[in-house]
Trainee: 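Quick one: the structure is below, and I'll ask about it shortly.
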Amino acid sequence: MPLFKRKPFGLAEPPKDLEPYALVYQVRFTKEIFQDYQEYLNRINFYRQRVWMCKYTGKSNMTYEEALVSEKHATQKVQELPNELVAPALCIIQFSMLSLRDLADAIAKKLQKDLFVGANLYGRKDGSLYPCKVLKLVENGVEKIQYEVAWINKTRKITENSIVLGEDLVWKKTPFSRNILKSFIRESTCRSIPWVIHEKLAQKHGISTDPPQELRSRFFFKDGQLVAKMKKRKNGDGKNEVNDESGKSKRKKVETGTSDAVKNGKEENNQPKEEPVKYPIDDLLVQPGPDDPLFTDRPFPSRDFNVPMDCVGDLLMVWDFCSSFSRLLHLWPFSLEDFENAICHKDSNLVLIAETHSALLRLLIKDDSEYSFALQKRKRKPKISLITWTDYVCDFLEMINITELSSSMTTIKRGHYGLLDANAKLWVLRELVSHALETDLIRGKLDEHIEQRQMLGAIRRGEALEYARKRREEKEQLKGESGADGLVKENSLESTGSNPHIAENGNPIIETGDMVEEVISSQQSNTFYDRRQLDCPSMKTEEKQNVDPKVLAENVTNSCEKEAQKQLSGDKKEAEERKSKEKRQQRREYFEREMEKRSIRTSPLGKDRDYNRYWWFRRDGRIFIEISDTKQWGYYSTKEEVDALIRSLNRKGERERALQIQLEKFYGKICLELQKRSKDLAHKIALEEAVLRRSTRVRAPPRENPANAFLRYVNKWKED
C-alpha cells in the first residue's frame, strides 16, 4: 500500500445500504466506490498528486498508481530471492539496530558466504574459473567446508562432478542486489530500528519474536507491537520533558493558560495551516489565482480534412514516413495536401499513389524478407512498373492475410483501386509502412542516424567545454591583472611623497597649452625646506624647488595614451566577444539543422490540460491537434492562432508548461513555415481565379489548376 507522508493511507469504505442496481463511481486501481461524483473526483485528483511513496523501494514524488506499480515490481524482484537465503536474511533483520543501508550491506556480506544447494557459481579449476552448480554439502569432519559441484560447459550440460572447498567458489553475479535487499527488508518488517519482522513470517521460518536481553530494558510489546519505554524528568524551567528510547523529546507545560497560536502545524481553531502550493502541479489541480496573467481563449482548430476524421492519424503517419525516408525509398517528396487529395481521388492509375506503393514494395523486395520469398514462389519479376504495381500489392495482401482487407484485394485485382474508400487505402499503406520499419535497410539507416546524432552531440559538448575552459582562464588572468594593478597603484601611492613631480596635498595641476604648472602651498614649501635641512645640515640658505614642466607634460601625455590604449583594447575585446557570440550562435544553429536532418522519429510537442496532443511537422508547417480519447483531429494554420494558443496555456500546470516551452523553442521555425505556407496558398488562389476568369473557348485543361497539382506529380528520384 503506498504511503502518504510516510504513513499508510486508509482507503474509503464502501457506502452502506447500497442497492444492488445503484449507479456508482469506482476508482479503477483501488476499487473504491463512491455514490457522489464530486467525492469521486476529489479522490481521483488526490491520487494524481505526486505526494505518494512506494512502501518497498522508498521512491517518492509519485502518483498513487505509479507507487502501486513500483510496489508490484519490487515484490516480483523480492520473490526472485532464493528460498534458501530467506531464513538467514530474516535472522539478521530481526531486532537489528542498524540503518537500512548498513543492514542491507550486512545481509549481502553474510549471504555471499552462505552457499546453498542449487546455486550457480564459478569454481576454481586448473587455475581458471569455470561455471558450476552446487549439488550438496559434504560433511567429513574437515574444518574447511566442502561442496560437491557439477561442472557445466558452454552448452549448459554437466561434464563431471567433483568436490571443492568453499573458498574456491565465488559468485560471478550475486542473485540479489542492495536495492532488492532493501525492498525485502521493507516488505518483511512492520517496524524499523529495531527492525521487527511480521509475526506470521517469523512463525513460518521459526524465528524468535522475543526481543534480546539488551533491548528488553528499552522496549516492550504492547498489543502485539514493539513500543519504546518512556522516561520522564523535570528540567529547570518547570516543564516535564518526556524522552523515549529513540532519542526524541517532547515537552509539556506545567503552567495553565493559553497555548501558542500555532502548535504542531495547526492554528488555534484546529484548522491545518495552509502551505503554499509549489508549481508546476498536475494541470487538473490548478485553480485560478489572483496572480494569474490574462489568458486568451484557445482558438477553435480547423477540421476541413478531405479524408474521414478517423483516417487522419494514418494519413499523417504514412506521409511523415515517406517524407523522412524519401532518399532511401527513392521517392520524390510531396506535400501533405497533395497526398490527401490523391488518396481521395477516384482515378486508379495516379502516379503519386503508384509510386508510393512501388517504393515501399521495392524496399521489402531488397530486404529478402518474407514478401521477397513470396514473390519468388510466384515467379514475379523484381521490377515494378506503373502497370503491374497493383499485382504486387495483391501479393502483399495475400501474405499478411487480413480478413478485413480481402474485399479490397478483390477490387484491386479487378483494376478498380480508385474505388476503394480512403480508410482501406490508408490501411494498406499503414501495413506497408509497418513492414518497412522492420527491414534491415530502415533499421540500418536509423542506427546510422543515431550514431551521427551522438557524434554531433559529442562535438557540441566538446566545444562547450572548450569555451568554458577559455572563459575560466580569461577570468583568472583578469583577476591576476587586477591584483597586479592594485599592487602597482599601492606602491605608487606610497612613493608619492618622494616624487618631486606629484602634488602632495591634492592641489590641482593647471594646464595652459604645452605648459603644466603645479600649485604648491606655503605649508608644503616649509615641509620640503625642513626635509632638505635634515638631509643636508650644512645648507643654511633657503632653496626653492624648480619644477620641470616638460617632465610633467610627458607624464600626462603618457597617462592619456595609456587610457586611450585601454579604451581601444576594451572596444576591441567587446568586438571580439560579439564576434565570438555570433559564431557560437551560428554553430548552435548548425548543430540544430544537422540534428533535424537526422531525425529518428517525430514526437509530439506536448499535451495540454485535457491530454490533447500537439504535433508539428516541419515539412508542412501546421500544428495538428489530436483530441484525447477520440479520433478527432484539428489543426492551426496561422501565426495568430499559434500566438493565441501560447497565451492560453497555464504555466502552473505540468503538461501545459512543457507544451509552452516547446512552442516557444520552435516558435521562429513554426512562424516561418506558416508564412511560407500562407504565401503559397495565396499564390494558388490567385492562379485559380486567373483560370476561372478565362473564357470558355480558351479554358485551361484541368491539370493546370493548382488544386490538381497532385495529378502532375513526377518521381524524379525513381530507380532505373
Side-chain angles (χ1 to χ4, degrees), residues 1-76 78-79 183 186-192 196-204 221-227 262-275 277-278 281-289 607 609-612 627-630 652-655:
M1 186 67 65
L3 304 179
F4 176 66
K5 294 184 178 180
R6 298 184 177 274
K7 295 181 180 179
F9 181 79
L11 300 179
E13 297 182 357
K16 298 179 180 179
D17 302 331
L18 187 64
E19 297 181 0
Y21 299 101
L23 297 177
V24 295
Y25 304 95
Q26 185 182 42
V27 180
R28 172 174 50 82
F29 41 84
T30 62
K31 307 304 179 185
E32 293 174 289
I33 296 175
F34 298 91
Q35 289 181 305
D36 183 54
Y37 178 73
Q38 190 61 40
E39 293 181 1
Y40 163 79
L41 188 62
N42 293 338
R43 183 56 63 97
I44 283 289
N45 292 335
F46 181 52
Y47 285 151
R48 286 176 176 172
Q49 295 184 36
R50 293 192 172 276
V51 296
W52 301 93
M53 174 187 289
C54 175
K55 180 180 179 182
Y56 301 141
T57 63
K59 294 181 180 178
S60 58
N61 195 28
M62 307 174 75
T63 64
Y64 190 92
E65 191 171 8
E66 290 173 350
L68 280 177
V69 174
S70 178
E71 290 181 356
K72 182 179 178 181
H73 291 168
T75 304
Q76 292 174 353
V78 167
Q79 291 175 355
S183 301
R186 288 192 180 99
E187 186 179 358
S188 306
T189 58
C190 58
R191 179 199 164 91
S192 61
V196 180
I197 63 176
H198 296 291
E199 186 176 357
K200 292 183 179 180
L201 201 60
Q203 294 177 357
K204 179 180 178 181
F221 277 98
K222 181 179 180 181
D223 298 332
Q225 300 291 330
L226 192 67
V227 182
V262 178
K263 185 177 181 180
N264 295 331
K266 294 187 178 181
E267 298 178 355
E268 290 183 352
N269 53 2
N270 294 328
Q271 294 296 328
K273 190 176 181 179
E274 293 185 1
E275 298 181 358
V277 181
K278 295 182 180 180
I281 60 176
D282 188 86
D283 297 71
L284 297 177
L285 301 176
V286 176
Q287 300 294 333
K607 302 177 183 178
R609 171 187 175 90
D610 300 320
Y611 294 93
N612 301 324
I627 310 301
S628 62
D629 300 332
T630 64
K652 291 182 177 180
E654 295 174 343
R655 293 184 294 277

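No experiment lies behind these values; they were computed from the predicted model shown. We're numbering straight along the sequence, starting at 1.
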Trainee: Tell me the closest heavy-atom pair linking Ser70 and Thr57, and the distance in Å.
Mentor: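 Nearest pair, atom of Ser70 first, then Thr57: OG-OG1, 3.4 Å.
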Trainee: How long is the span from the NZ atom in Lys5 to the CE atom in Met53, to the nearest 0.5 Å?
Mentor: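 Rounded to the nearest 0.5 Å, the NZ-CE separation comes to 12.5 Å.
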Trainee: Compare every heavy atom of Ser628 with every heavy atom of Tyr611, then report the nearest pair and how far apart it is.
Mentor: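 Where Tyr611 meets Ser628 most closely, the heavy atoms are O-CB, 3.4 Å.
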Trainee: With side chains defined as the heavy atoms from C-beta onward, is the minimum distance between Arg609 and Leu284 less than 4.5 Å?
Mentor: yes
Trainee: Given side chains that start at C-beta, do those of Gln203 and Glu199 come closer than 4.5 Å, heavy atoms only?
Mentor: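 Heavy-atom side-chain distance check passes, below 4.5 Å.
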Trainee: In terms of side-chain heavy atoms, does Asn42 have a donor or acceptor partner in Gln38 at a distance below 3.5 Å?
Mentor: yes
Trainee: Please determine if Arg655 and Asp283 form a salt bridge, counting it only when a charged side-chain N lies under 4.0 Å from a carboxylate O.
Mentor: yes
Trainee: Quick one: CZ on Arg186 to CG on Leu3, what's the gap to the nearest 0.5 Å?
Mentor: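 Nearest 0.5 Å value for the CZ-CG distance: 9.5 Å.
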Trainee: Does any part of the side chain of Gln35, heavy atoms only, come nearer than 4.5 Å to the side chain of Leu18, both counted from C-beta?
Mentor: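 Answer yes - side chains close enough.
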Trainee: To the nearest 0.5 Å, what is the distance between CD on Glu39 and CG on Leu41?
Mentor: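 Glu39 CD to Leu41 CG: 11.0 Å, rounded to 0.5 Å.
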Trainee: As an exercise, state the distance from CG of Asp36 to OH of Tyr25, rounded to the nearest 0.5 Å.
Mentor: 8.0 Å
Trainee: Using a strict 4.0 Å threshold on nitrogen-to-oxygen distance, state whether Arg50 and Glu66 make a salt bridge.
Mentor: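 Counted as a salt bridge, because a side-chain N and a carboxylate O are separated by less than 4.0 Å.
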Trainee: When rounded to the nearest 0.5 angstrom, what is the spacing between CG in Asn45 and OH in Tyr40?
Mentor: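 Here the interatomic distance stands at 9.5 Å.
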Trainee: Mind checking whether Phe9 and Tyr64 have ring centres under 6.0 Å apart?
Mentor: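 Ring-ring flag for Phe9/Tyr64: false, centres at least 6.0 Å apart.
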Trainee: Would you indicate whether the side-chain heavy atoms of Cys190 and Ile197 approach each other to under 4.5 Å?
Mentor: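 No - every pair of side-chain heavy atoms lies 4.5 Å or more apart.
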Trainee: Any donor-acceptor pair under 3.5 Å linking the side chain of Glu187 with the backbone of Thr75?
Mentor: no
Trainee: Would you name the heavy atoms of Thr63 and Arg48 that are closest together and state the gap between them?
Mentor: CG2-O, 3.3 Å
Trainee: Strictly distance-based, threshold 3.5 Å: is any side-chain N or O of Glu32 a donor or acceptor partner for the main-chain N or O of Val27?
Mentor: no
Trainee: With sequence neighbours excluded, tell me which residues meet salt bridge (Lys or Arg N to Asp or Glu O under 4.0 Å) with Arg6.
Mentor: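 So Arg6 forms no salt bridge (Lys or Arg N to Asp or Glu O under 4.0 Å) with any residue.
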Trainee: Ignoring hydrogens, what is the shortest heavy-atom contact between Ile627 and Asn612? Give both atom names and the distance.
Mentor: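 That closest heavy-atom pairing would be CA-OD1, 3.5 Å.
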Trainee: CD/Gln49 to CD1/Ile281 distance, rounded to the nearest 0.5 angstrom?
Mentor: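 Reported value, rounded in 0.5 Å steps: 7.0 Å.
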